[in-house]
Amino acid sequence: MKNIVKILAVAAVSFSVYAFTAAETKTKETITVVIDAGHGGTDFGAVHESHMEKDIVSQISNKIHTLNKNSDVIIYFTRTDDNLITLEKRTAMINDIKPDLFVSLHVNQHKNDGTFGMEGYVAKESLYSEESLAFASDLTSKLSKATNLNVRGIKKAPFYILKNTNCPGLVLELGFLSNEKDRNYLTDANNQEVIAKTILDFICQMR
Ligand SMILES: [Zn+2]
């Protein structure tokens, strides 16, 4: 029994390292979500001239943190600075937190610069596949109404983070860095604020 208590204490300490908002207990009125800003450090993700995917998703993630003033909406962030975190570590963080939802933020690229729009990905291998699918279509629909980003569709893909997490979750590709219209939209700070606010509103409505 003593050992169990110790393990829980260690887990609580390690949570506080990356949790902006501390939540030790979950109540019915509380929503817990993990925002995972993709890539980081030496992993730039999509790149176009000086624009990098890792920066865009980090800027949006940080804006979600700043905007969240709801004490009953607990949002954890897998990274808050420009660090490279492995997919295994991100997945372990999510499984430790056991959130109601995680959203992994990404920006796409394509060799055809005419390809544009948002894509949501869920894994059919996940036990939460159907729930994730519903979250993905609702969130992309709300985002497309609030922004000038179109929805390309919701797809199923066996991505590591989707297959290996024990909760609803989705990978959200916000648009294509290779497409001029999407790039101009996604790299603008005011537009990033609109995206962050829409994602936060969506999370708040989950209560
Ligand atoms: Zn990515």
Side-chain angles (χ1 to χ4, degrees), residues 18 33-65 75-95 99 101-126 132-133 135-137 139-140 143-144 147 149-165 167-189 191-192 194-196 198-199 202:
Y18 54 84
V33 169
V34 174
I35 297 293
D36 171 46
H39 311 278
T42 52
D43 175 10
F44 301 162
V47 176
H48 184 274
E49 294 172 356
S50 62
H51 299 301
M52 294 182 206
E53 174 183 359
K54 67 167 187 173
D55 295 329
I56 297 170
V57 293
S58 181
Q59 284 150 3
I60 294 169
S61 171
N62 289 341
K63 286 183 193 328
I64 294 172
H65 168 237
I75 307 180
Y76 291 86
F77 298 86
T78 55
R79 79 174 169 93
T80 54
D81 47 25
D82 190 19
N83 279 340
L84 176 60
I85 303 167
T86 64
L87 279 176
E88 289 79 2
K89 181 92 191 289
R90 292 171 200 259
T91 303
M93 282 182 187
I94 294 166
N95 283 335
L101 175 70
F102 78 87
V103 180
S104 191
L105 297 174
H106 287 261
V107 177
N108 232 328
Q109 64 184 341
H110 200 282
K111 57 183 185 303
N112 175 0
D113 64 11
T115 303
F116 64 94
M118 259 183 292
E119 287 178 338
Y121 286 91
V122 302
K124 70 171 189 299
E125 293 82 357
S126 164
S132 301
L133 193 67
F135 280 131
S137 31
L139 178 57
T140 51
L143 278 167
S144 75
T147 68
L149 299 165
N150 291 61
V151 184
R152 273 172 70 78
I154 312 298
K155 301 174 179 182
K156 295 199 174 170
F159 295 153
Y160 182 90
I161 202 166
L162 295 175
K163 275 200 312 185
N164 293 289
T165 38
C167 61
L170 61 125
V171 166
L172 179 61
E173 297 277 1
L174 288 158
F176 285 79
L177 200 58
S178 42
N179 176 261
E180 193 182 0
K181 179 176 155 282
D182 279 4
R183 182 172 63 248
N184 288 342
Y185 190 87
L186 290 168
T187 53
D188 179 278
N191 296 336
Q192 290 174 353
V194 173
I195 294 170
T198 307
I199 295 173
F202 169 81

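Predicted, not measured: the structure shown is a model, and the values here were computed from it. Starting from 1, each residue takes its place in the sequence as its number. Just so you know, ligand 1 is whichever comes first in the structure, and atom 1 is the first atom listed for that ligand.
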*With side chains defined as the heavy atoms from C-beta onward, is the minimum distance between Y185 and I195 less than 4.5 Å?*
yes

*Report yes or no: does E173 have an N/O/S atom closer than 2.8 Å to the Zn ion (ligand 1)?*
no

_Heavy atoms of other groups near F116 CZ, more than 12 under 6.0 Å_ = no

*Parallel, tilted or perpendicular: which fits the ring planes of H65 and F77, with parallel below 30° and perpendicular above 60°?*
perpendicular

*Tell me, which N, O or S atom in H106 is closest to the Zn ion (ligand 1)?*
ND1

_Identity of the N, O or S atom of E53 lying closest to the Zn ion (ligand 1)_ = OE2

*asked:* If we ignore hydrogens and angles and just use 3.5 Å, is the side chain of T165 paired with the main-chain N or O of I161 as donor and acceptor?
replied: yes

